[in-house]
Amino acid sequence: MEYLIGVALAVLVCTFAMLVGFDRDRVFYPTLATVIATYYTLFAVIGSSMPSLALESLIAGALFAPAVAGFRKNLCLTVPALAGHGVFDFFHHVFIQNPGVPVWWPGFCLSFDVLAGGFLAMLLMRRSGFASKV
């Protein structure tokens with residue numbers, strides 16, 4: 001169920017952003033990526049786990065880099081930040097034992113992140129005329 005909710009919410013958020021024009025400003029998707037990257041640190045605080053907080057903070061920082069580069073240089077760099085975080089969600093439990101993470105979160109976040117990254121990639125290809133060149 002968490003996968004379905006993640007997909008539905010990603011479709012709603014990305015469609016809403018497109019319809020109202022939030023995504024016309026290049027800061028929208030990088031901001032989305034940075035906010036998404038901080039949720040695991042929040043869960044580490046909730047779970048009162050300093051080791052998890054340290055690891056989650058390092059990973060969040062690593063995800064900030066492509067999001068910021070996407071904002072400053074080329075928005076295409078934000079796509080792997082979003083989608084890559086989704087892939088990370090699938091393997092998160094293997095690398096980090098974070099007691100504050102809800103059981104349903106990895107599946108929800110995986111589906112949201114990958115779909116949001118794909119949506120951004122589609123928008124960038126469409127806006128650049130890539131689809132008409134193929």
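Since this is a predicted model, take the numbers as computed values, not measurements.
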Test of understanding: clusters of I, L, V, M, F, W, Y form through side-chain heavy atoms closer than 4.5 Å, transitively. Do [X] and [Y] belong to the same one?
X: Y29; Y: Y39; answer: yes
X: M122; Y: L77; answer: no
X: V101; Y: M1; answer: yes
X: V68; Y: I59; answer: no
X: V20; Y: V13; answer: yes

Would you name the heavy atoms of [X] and [Y] that are closest together and state the gap between them?
X: E56; Y: H92; answer: OE2-NE2, 2.6 Å
X: T34; Y: A67; answer: CG2-CB, 3.8 Å
X: T41; Y: L53; answer: O-CD1, 3.8 Å
X: C76; Y: P80; answer: O-CD, 3.2 Å
X: V114; Y: G86; answer: CG2-CA, 4.1 Å
X: G70; Y: T78; answer: CA-OG1, 3.4 Å

What is the distance from atom [atom1] of [X] to atom [atom2] of [Y], rounded to the nearest 0.5 Å?
X: L55; Y: S49; atom1: CG; atom2: OG; answer: 8.5 Å
X: F28; Y: L123; atom1: CZ; atom2: CG; answer: 10.0 Å
X: Y3; Y: C109; atom1: OH; atom2: SG; answer: 11.5 Å
X: F64; Y: S57; atom1: CZ; atom2: OG; answer: 8.5 Å
X: L9; Y: F108; atom1: CG; atom2: CZ; answer: 5.0 Å

With side chain to side chain contact (heavy atoms under 4.5 Å, CB included) as the criterion, how do L124 and L120 come out once you've worked through the C-alpha distance, each side chain's angles and the decisive distance to 0.1 Å? CA-CA 6 Å; L124 293 171; L120 174 58; 3.9 Å; yes
Stepwise side chain to side chain contact (heavy atoms under 4.5 Å, CB included) check, V103 with E2: CA-CA 10 Å; V103 175; E2 63 267 18; over 6 Å; no
Go through L75 and R127 one step at a time and tell me if the side chain to side chain contact (heavy atoms under 4.5 Å, CB included) criterion holds. CA-CA 12 Å; L75 203 49; R127 288 178 183 170; 5.6 Å; no
Neighbour count above 12 (heavy atom, 6.0 Å) for R26 CZ: yes
Evaluate the ring planes of Y40 and H85, with Trp represented by its six-membered ring, and classify them as parallel (under 30°), tilted (30 to 60°) or perpendicular (over 60°). tilted
Once the angle between the rings of F43 and W105 is folded into 0 to 90°, is it parallel (under 30°), tilted (30 to 60°) or perpendicular (over 60°)? perpendicular
Taking it one step at a time, do D89 and F112 satisfy side chain to side chain contact (heavy atoms under 4.5 Å, CB included)? CA-CA 10 Å; D89 288 315; F112 184 97; over 6 Å; no
Is T15 reaching over with its side chain to a backbone N or O of L12, donor-acceptor style, under 3.5 angstrom? no
